[in-house]
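Counting convention: from 1, in listed order, for ligands and their atoms alike.
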Amino acid sequence: MKKGKLLYEGKAKRVYETDNKDLLIQQFKDDATAFDATKRGTIVNKGVINNEISRILFELLESKGIETHFVKQLDDRNMLMKRVEIIPLEVTIRNVVAGGMAKLLALEEGIVLDEPVLEYHYKKDELHDPLINDYHAKAMKLATDEELDFIKQRSFEINNILKSFFDHKGLDLVDFKLEFGRHKGKILLADEISPDTCRFWDKKTKKKLDKDRFRRDLGNVEDAYQEVLKRIIAE
Ligand code: UDP
């Protein structure tokens with residue numbers, strides 16, 4: 001599959017057209033940004049690691065009946081995916097209090113939630129991805145009632161699958177962000193699933209093994225991404 005025109009360049013990925021109008025190529029970059037792109041940097045090899053981690057997790061989810069935009073891995077930085085119309089909602093699922101939820105509600109990071117918490121953030125950089133609810137999403141015509149119900153149910157299913165998978169790898173899945181897109185009348189899981197979009201803590205030591213090492217200048221960022229991949233691959 002040959003790369004066509006660059007369709008979109010984001011903070012961590014480039015998306016290219018292909019000679020098939022229903023398929024796109026997603027290329028993972030080493031660039032990292034945080035805090036509305038006020039903090040910028042490079043995480044060496046991040047693109048390669050995130051491409052591989054996303055492939056493994058999309059394949060895992062597909063094997064459990066979750067439809068995703070993933071088609072196949074092309075090489076170490078590129079994956080082929082179905083073209084979707086992205087629903088401009090960032091769906092966050094939290095199992096443990098951290099990051100934005102700790103700040104919003106003045107809670108300590110690390111509190112284990114009795115039930116997962118689902119949040120929607122309106123995907124709009126100029127507004128700093130504000131926290132919204134179903135009513136805002138409907139008022140803004142971002143998605144219909146049926147789509148929101150499906151997205152919610154899917155997100156909790158994905159959480160169950162990923163939480164149990166990472167549990168076996170000695171990692172707590174603290175929280176993560178998902179994006180969904182429309183494709184031929186269906187809603188598919190899109191974007192990526194990686195240490196850029198999830199928080200992973202070592203189960204025993206609670207060491208952070210995700211993008212928080214970059215956001216908070218904790219050091220050993222590359223090693224943390226590599227460690228997550230190593231754990232995922234390990235039997
Ligand atoms: N997240 C993401 N992209 C964003 C914002 C958050 O992938 O634009 C992920 C983040 O890595 C974490 C989860 O979503 O795993 C929840 O993030 P939170 O709302 O706590 O915001 P943050 O602390 O990252 O600002």
Regarding [X] and [Y], does a basic nitrogen lie under 4.0 Å from an acidic carboxylate oxygen?
X: Lys152; Y: Asp134; value: yes
X: Lys177; Y: Asp191; value: yes
X: Glu192; Y: Lys13; value: yes

>> So if I count the atoms of ligand 1 from 1 in the order they appear, which ones are less than 4.0 Å from some heavy atom of Gly99?
In response: 20 (O), 23 (O)
> Asp196 heavy atoms, cut-off 4.0 Å: which ligand 1 atoms fall inside?
Replying inline: 7 (O), 11 (O)
> Looking only at non-hydrogen atoms, which of Asp125, Ile193, Asp175, Val91 approaches atom 12 (C) of ligand 1 most closely?
Replying inline: Asp175
Can you tell me which portion of [X] lies within the under-4.0 Å heavy-atom range of ligand 1? Options are side chain, backbone, both, or neither.
X: Asp210; result: neither
X: Lys211; result: neither
X: Lys103; result: neither
X: Thr92; result: side chain

Among all protein heavy atoms, pick out the one at the shortest distance from [atom]; state its residue, atom name and that distance to 0.1 Å.
atom: atom 18 (P) of ligand 1; result: Arg94 NH2, 3.4 Å
atom: atom 5 (C) of ligand 1; result: Glu90 OE1, 4.0 Å
atom: atom 21 (O) of ligand 1; result: Gly100 N, 3.9 Å
atom: atom 17 (O) of ligand 1; result: Arg199 NH1, 3.5 Å
atom: atom 3 (N) of ligand 1; result: Lys177 CE, 3.5 Å
atom: atom 10 (C) of ligand 1; result: Arg215 NH2, 3.5 Å

> Say you draw a straight line from CD of Gln226 to CD1 of Ile43; how long is it, rounded to the nearest 0.5 Å?
Replying inline: 12.5 Å
>> Test your reading of the structure: does His121 have an N or O sitting under 3.5 Å from an N or O of ligand 1?
In response: no
> Quick one: does Glu119 get an N or O within less than 3.5 Å of an N or O on ligand 1?
Replying inline: no
> What's the shortest heavy-atom distance between Ile53 and Ile232, and which atoms?
Replying inline: CG2-CD1, 3.7 Å
>> Testing Asp175, Asp172, Asn95 one by one against Arg199 for a side-chain hydrogen bond (donor to acceptor under 3.5 Å, both in side chains), which residue passes?
In response: Asp175
> Is it the case that one hydrophobic cluster holds both Val15 and Phe28, taking links as side-chain heavy atoms less than 4.5 Å apart, direct or via other members?
Replying inline: no
>> Ignoring hydrogens and geometry beyond distance, is a side-chain donor-acceptor pair present between Arg77 and Gln27 at under 3.5 Å?
In response: no
> Taking the six-membered ring of Phe214, is the NZ or CZ of Lys39 close enough (under 6.0 Å from the centre) and on axis enough (within 45°)?
Replying inline: yes
> According to the interplanar angle, ranging from 0 to 90°, do the rings of Phe70 and Phe58 count as parallel (below 30°), tilted (30 to 60°) or perpendicular (above 60°)?
Replying inline: parallel
